[in-house]
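Here the structure comes first, spelled out in structure tokens, and everything after it is commentary.
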Protein chains: 2
Amino acid sequence: MNKTIYDVAREAGVSMATVSRVLNGTAVVKEETKAKVQAAIEKLGYRPNAVARGLASKRTKSIGVILPDVSDLFHAEVLRGIEDIATMYQYHIILTNSDAREDREVDLVGTMWEKQVDGLIFISEKITPKIVKTFESAQLPVVLCATEDPEHRIPSVAIDNKQAGTDATRYFLNLGVDKIVFLGGPTSQPVTMERLAGYEKALADAGHEFNPAYVIHARDSHYQAGYDVSNEFLNSGLKADAVVATSDELVLGFLNAVRDRGGKAPDDVMLLSFENTRLTTIVRPELTTIAQPTYDLGAVSMRLLTKLLNDEAIEEYTVRLPHSILERTSTKR
Amino acid sequence: MNKTIYDVAREAGVSMATVSRVLNGTAVVKEETKAKVQAAIEKLGYRPNAVARGLASKRTKSIGVILPDVSDLFHAEVLRGIEDIATMYQYHIILTNSDAREDREVDLVGTMWEKQVDGLIFISEKITPKIVKTFESAQLPVVLCATEDPEHRIPSVAIDNKQAGTDATRYFLNLGVDKIVFLGGPTSQPVTMERLAGYEKALADAGHEFNPAYVIHARDSHYQAGYDVSNEFLNSGLKADAVVATSDELVLGFLNAVRDRGGKAPDDVMLLSFENTRLTTIVRPELTTIAQPTYDLGAVSMRLLTKLLNDEAIEEYTVRLPHSILERTSTKR
DNA sequence: ATGAAAGCGCTAACAC
DNA sequence: GTGTTAGCGCTTTCAT
């Protein structure tokens, strides 16, 4: 097996250049010879070797995706968005997990270069100067997804996290709720800090006092971390009327900590989180969330990357996707 | 930029073959020249072009993964297992979603061939003759993951689904429970049917009567489908003491349908499901499950594939990973 | 509209 | 232990 373009050329009685032309549509070929070539391709069951193609053309039609962890529901949904648009534009995805470790990330950008990907979609918790420098030296088109470079040197697609934090907090304020807990990931996580800034702003705007005891940080954004830190909080004897949490799993940690104490939501505490993964409608009470357009975050990132790759006109390099509040039972009394 | 192996050779004052040798360790090189080469690599910031390498060596160090949907939690966790082992063996993953559509799957195997992947990991709902034929004509080493070829022509890693179905059912039987609902995916799904066979066997072994009304099939394995079909069941007025469901989301659909009617679990109905994704401990009550070793399913598949690729000795081409029952509160009265 | 030929950057015989 | 030289299967000038 393993037919080559040369076999097709001979079978069709033309040169390999002509076969290449009908394959790629890079030049006009007479209908008649085109038909002969296609017949030969069909007959031999020929398929072009993408590796040879990549070497000769210097474009591999594959793009690298570096993200912290695919098994995280949020990332998995974003990835699906990336993949769908990639497929639409005939790109393939080379996927790697970084566990959000900077050294891994730097390393992975290098191996992505080795693989000669045409571009990169990068999802991380934090964009460090080292990473930015790595992007530059790799000379790869990069789009940050659900992540922003604080100095906006790299194209990105995300939501306005500070505004979202404000909106979430204001939502409770408008309900007349008083003691609002902010439950986030570690302070090293820019996303958490931006949303926290929004929370503080909403409080300040409303003339509310800011009480640092109501800001709690979990060690990561997963369920167990949320559960643990919520228990600590509740053990301290503080009373919360509502929670604004930066991830769906985190808020479920709080919910279950409350339940362990015989409490209920929304009766004893109202809950709002940020991701809008499918968890929000699977659990009871269904969770009110700031709806991040998860799938779109991936899809739009990939679309932006294709524009970069084709030198299409680009209006905005720092794309902010709209967010909204989806009210569900976790905040209905 | 874009240094080539030739630049390194000149910088180090050796031939490109020697550079290739220190890069790949394919032959003994004098310590001294090796050092010179490494210094040159360092100095130039050289990185080998994997595409050229792939073309010359006919091995790309990349493997294709075809699965129905990454945004499905189960698949995402399996994928993480695949990826970790792949990284360990220096392979990269090219990922594609098939939506479990046979035509897409056949097509994707073809494009994976074009990409010259060294091997394939295939996850699907069903292994059809057409797919098997496609594998054969592609001449690619394939490992089926969480899926089995009914005729065992293709190496696979899965659990013993019939046995698991029996174990799950017997668990309730031993608890003295009577009316056990089997809630599965569509009848076209072999996994569902195998587990159902196990359910029937357990009933038969115990001398229980099999009542077809207690077997319900959702249109897919997701939450909403489970919720909808559970509502239909409950509307019919039938009473269930326990549910054996083929996915975590499905059983949550049943749970919420029961809750909508003012019922509770495990008090009114005991719940058991099959995947053991992280959902099981996030929701309340925590779900008793047949613990499929999700991550391991991926990891072991990838390991098996590396064995295939390196002509290592293989004891078993049809690997059955052990399953177990994790008792949690959804079955504790 | 088509063919000839020169690479793309590397590996892998084959020499020495 | 190291260098020389063919390719790997394509794309892409440059002719014609």
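Numbered from 1 within each chain, the chains take letters A, B, ... in sequence-line order.
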Quiz item: Base, sugar-phosphate, or nothing for Val51(A), non-hydrogen atoms under 4.0 angstrom?
Solution: nothing
Quiz prompt | Closest contact, heavy atoms only, Thr60(B) versus Val117(B) | solution = OG1-CA, 3.7 Å
Practice problem: In whole angstrom, give the distance that lies between atom NZ of Lys58(A) and atom P of dC10(D). | Solution: 18 Å
Quiz item: Roughly, in whole Å, what's the span from CG in Asn49(B) to C1' in dC10(C)?
Solution: 8 Å
Exercise. By nearest nucleotide on DNA chain D, pick out whichever of Val19(A) and Val29(B) is the more 5' one.
Key: Val29(B)
Quiz item: If you measure from the Lys or Arg side-chain nitrogens to the Asp or Glu carboxylate oxygens, is any gap between Arg104(B) and Asp107(B) under 4.0 Å?
Solution: no
Self-check item: Euclidean distance, atom CZ of residue Arg59(B) to atom P of dC10(C) [Å, nearest integer]
Solution: 17 Å
Self-check item: Phosphate contact (dG3(D) OP1 or OP2) by Thr18(B) side-chain N/O below 4.0 Å
Solution: yes
Quiz item: Does a side-chain N or O from Ser20(A) land closer than 4.0 Å to OP1 or OP2 of dT11(D), or not?
Solution: yes
Quiz item: Quick one: is Thr4(B) getting a side-chain N or O under 4.0 Å of the dC8(C) phosphate, OP1 or OP2?
Solution: no
Quiz item: Where the side chain of Ala17(B) is defined as all heavy atoms beyond and including C-beta, which of dT4(D), dT11(C), dG3(C) is the nearest nucleotide?
Solution: dT4(D)
Quiz item: Is the distance from OP1 or OP2 of dT2(C) to the nearest side-chain N or O of Thr33(A) less than 4.0 Å?
Solution: yes
Exercise. Specify the angle, to 10°, made by the local axes at the two ends of the helix from dA1(C)-dT16(D) to dC16(C)-dG1(D) when five pairs are taken at each end.
Key: 30°
Quiz item: Of the nucleotides dT2(C), dC10(D), dT2(D), which has the atom closest to the Ala52(A) side chain?
Solution: dC10(D)
Quiz item: To the nearest angstrom, how far is Arg10(B) atom CZ from dG3(D) atom P?
Solution: 15 Å
Quiz item: Looking at side-chain heavy atoms only, is the closest gap between Ile154(A) and Phe135(A) below 4.5 Å?
Solution: yes
Quiz prompt | Nucleotide of dC10(C), dG9(C), dT11(D) approaching Leu55(A) most closely (side-chain heavy atoms) | solution = dG9(C)
Exercise. Check whether any side-chain N or O of Asp118(A) sits under 3.5 Å from a backbone N or O of Lys61(A) as a donor-acceptor pair, and report yes or no.
Key: yes
Self-check item: Leu23(A) CG - dT2(C) C1' separation (whole Å)
Solution: 16 Å
Practice problem: Measure from CG on Asp7(B) to C1' on dC10(C) and round the result to the nearest Å. | Solution: 13 Å
Quiz item: Tell me, do Tyr91(A) and Leu305(A) make a side-chain contact under 4.5 Å, heavy atoms counted?
Solution: no
Quiz item: How about Glu102(A) and Thr128(A): does a side-chain donor come under 3.5 Å of a side-chain acceptor?
Solution: yes
Exercise. Return the set of residues passing ring-ring contact (aromatic ring centres under 6.0 Å, His included) with Phe74(A) (not counting sequence neighbours), or none when no residue passes.
Key: none
Self-check item: Proximity to the side chain of Ser57(A) - top-ranked nucleotide from dG1(D), dT12(D), dT11(C)
Solution: dT12(D)
Practice problem: Could you tell me the separation between the CD atom of Gln116(B) and the P atom of dC10(C), rounded to a whole number of Å? | Solution: 18 Å
Quiz prompt | Lys43(B): salt bridge (charged side-chain N to carboxylate O under 4.0 Å, His left out) partners, not counting sequence neighbours | solution = Glu11(B)
Quiz item: At under 4.0 Å, does any side-chain N or O of Lys3(A) touch on OP1 or OP2 of dG9(D)?
Solution: no
Exercise. Could you check how far CE of Met16(A) sits from C1' of dA6(C), rounded to whole Å?
Key: 11 Å
Quiz item: Within the pair Tyr6(B) and dT5(D), is there a side-chain N or O less than 4.0 Å away from OP1 or OP2?
Solution: no
Exercise. Compare side-chain N and O positions of Ser15(B) against OP1 and OP2 of dG3(D) and report whether any pair is under 4.0 Å apart.
Key: yes
